[in-house]
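First the proteins, then the strands, lettered A, B, ... as listed; each starts at 1.
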Amino acid sequence: MGINFRQETFRDDFTFRNSPEFIRRFPFPFHEDAYMYAVNIEPHVQGPKGTVFENLIDVDEHYVAEMQDRAKVLAEDPLRCQSLPHMTLAGWDLLELLMTEQAKGYPEHFTLTRDGDRWRWINRPLGIDDTFTFGDLSTLPYGPMEYITRQSQGDFCILDQRDGNLWMDAGMVTTQADWSLDFDIGMNFFEWHAPVPLAHEKGIFTRALKFLTNIQQGKPARRLNWTMTINPRLDTSPENYHKWGPDRTTVTPDNVGDKVHLRVELQSFWRLPRSNALVFPIRCYLIKMEELVTVPKWARRFHRVLRDLPNELVEYKGLTRYRPAVIDWLSKYDDGTPTSPGFTPD
Amino acid sequence: MSAGTTKLNVTVTDVVAVNELVKRFHFERTDGGDLPTFSGGAHVVVEMRDGDKSRLNPYSLMSSPHNTRDYTISVRRDDSGRGGSLFMHNHVKRGMEMVISYPVNLFSLDLRARKHLLVAGGIGITPFMAQTAQLAGEGGNFELHYTCRTPALGTYADVLHDRYGKRVNIYYDDTNERLPLERLLASQPLGTHLYVCGPAGMIRWVRETAAAHGWPDETVHYEHFAAPQPGLPFDVTLALSKLQISVGEEQSLLEAMEAAGIDPPYLCRGGVCGQCETNVVSYDGTFKHNDHWLTEAEHCSGKKIMPCVSRFEGKSLVLER
Ligand code: HEM
Ligand code: FES
């Protein structure tokens, strides 16, 4: 059957939206009516059909449009994709992982044929059919990480593991929630997490790092993180703050439903076989408030989470300016009835 | 789901006596598929069922990391050890089916290094077999120094010499050839990383000498196996559910509770998320805390346990579950 890829934009006229079945599979991140940072890591195993966990690397109706948006970002700012010299092998590892998983999950859209080191990769949605030699840089138009992440949804950080720490030594980052690869490149786990409030004091990062450095091949893990974005803009980077920062002042009671988005990141963690590095895909899902409230449980719960969110988190996530308007708007959908435990729609 | 590594079902396709003390074992996937790629320095944990005993021993993979058809390990017979190597030598035969873990690398190359200086003693040569294959394939700059007792016991010395010529230096104890460690360490170019694998005494000597010569810790790598060991079985009373359960040596306490139909909360199954934290009602014995969640004080208090990774040894343990 295959996915019906939408033609849409994440800039200028912002035609992005979710079709109804994609609303139902949205990875709603709140399992209860309140939110606080925690070591929310769990095994990344396949989930039921009709969820984003159906395949471990998820491809959805926004694939083609997201890849076009990425190409535009890269054309304006090549530093969104960087790989330190010792990370090339990890790039090949990532290429293998993404080709294998996408071909396995979506055979009607992607095909990988391997004959020793001679590989043929067919990507039908993007019209690509390339034959190359695995491990030989001269046979691909870009480095292996850039080549495959121009064809894979989500941002990717590749972390080198040494001295009991993780180092952000490569990445493709064009759909980020206000952080910069160019700034973080070469930093370690504690350094790049320095701006996050409260979590350091709660010991979250020391514990998380112990878990991550122990992740083993064939045993990926995942967690969800969230923030909010005004207009369905993928590229909310510090580099382009002048373009999206002012959007925050444009929220009015009338446009909340269409303009305000819950932005959820499905983050996963995978050990790479040849390089022993760790790859961290950050897959971004957007949902409009008017789409979210079509699931009554989510509407009630998100209203409560946002209303009771600790101030430090409100500020760090940059919600201060428009949060009151959104809470007000959502309150119409919260009649006070209890919500059931867990993430799924009732 | 259990903590630790994913398992692979393999068949022993060959057993080769390399010399008096060392045998080499070849494994292929029992279902005929490809084995996972790995990185030089990785080991697998081999499960051995020896009567009612089971052992989990880690062995370095020595085949080329690019070869996904078969894995090879070499095992030195240790007559005074806990018996894993004797089991491998005496009982493992071609055609036998075994279970091994996915590869795990606790001894990986630092790919930023301008040069890799590899120092091996005895059977400690095995991880370097894979690392040199990986480095040679990538045009990496390396130099291997290998000490062994006698030419007859110089496991793979000939193979390595044939493959890499002058990049391999061998020192035989019986002719009093000594590894000129101090001179070597003093004459390396900037950006060299040092790797050592061998007997504990050798590792200590190399690390101490390197430290004395001002090598920063992060440039000195040594193999330390922290592979999962089966714990002792133990019994637990679950006070709330009024159940008595036994935790097998290959099972976690969390898995044993699940097998008994109890559904305790969990997320990570790796001792960091805190979800499975369980109160202790009473105990008589010793806790084996393996988590990173509870504080030192909580570990000592005897009031809490993380059943996904921690264990118990003693007479009785009652939990609030
Ligand atoms: C190796 C994998 C990881 C990478 C590459 C990564 C990267 C990042 C980055 C770049 C930020 C933005 C920081 C800024 O403001 O500049 C961030 C935020 C954060 N990270 Fe991570 N992270 C990783 C793993 C984790 C894990 C395992 C946890 C917790 C269990 C975690 C918890 C957080 C939290 C709570 C925030 C704040 C997010 C928010 O409130 O929007 N991270 N991370
Ligand atoms: S399940 Fe996470 S600490 Fe036990």
Novice: Is the centre of the A:Phe343 ring less than 6.0 Å from the centre of the A:Trp298 ring?
Specialist: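 So the answer is no for these two rings.
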Novice: Please check if the distance between the ring centroids of A:Phe28 and A:Tyr285 is under 6.0 Å.
Specialist: no
Novice: Checking heavy atoms, do the side chain of A:Leu89, its backbone, both or neither come under 4.5 Å from chain B?
Specialist: side chain
Novice: Heavy-atom distance under 4.5 Å to chain B: side chain of A:Asp163, backbone, both or neither?
Specialist: side chain
Novice: What part of B:Asp110 gets closer than 4.5 Å to chain A, counting heavy atoms only: side chain, backbone, both or neither?
Specialist: side chain
Novice: Is it true that B:Tyr195 and B:His116 have ring centroids separated by less than 6.0 Å?
Specialist: yes
Novice: Is a salt bridge present between B:Lys115 and B:Glu143, judged by a nitrogen-to-oxygen distance below 4.0 Å?
Specialist: yes
Novice: Tell me which one of A:Arg222, A:Arg223, A:Arg283 satisfies side chain to side chain donor-acceptor pair (under 3.5 Å) with A:Gln267.
Specialist: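 The passing option is A:Arg223.
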Novice: Do you know which of B:Leu109, B:Leu267, B:Leu111, B:Asp291 has the most heavy-atom pairs under 4.5 Å to chain A?
Specialist: B:Leu267
Novice: Checking B:Gln275 against chain A: side chain, backbone, both or neither under 4.5 Å from a heavy atom?
Specialist: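 Nothing of B:Gln275, per the 4.5 Å heavy-atom cut-off to chain A.
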Novice: Between A:Arg274 and chain B, with a heavy-atom cut-off of 4.5 Å, which part of the residue counts as in contact: side chain, backbone, both or neither?
Specialist: both
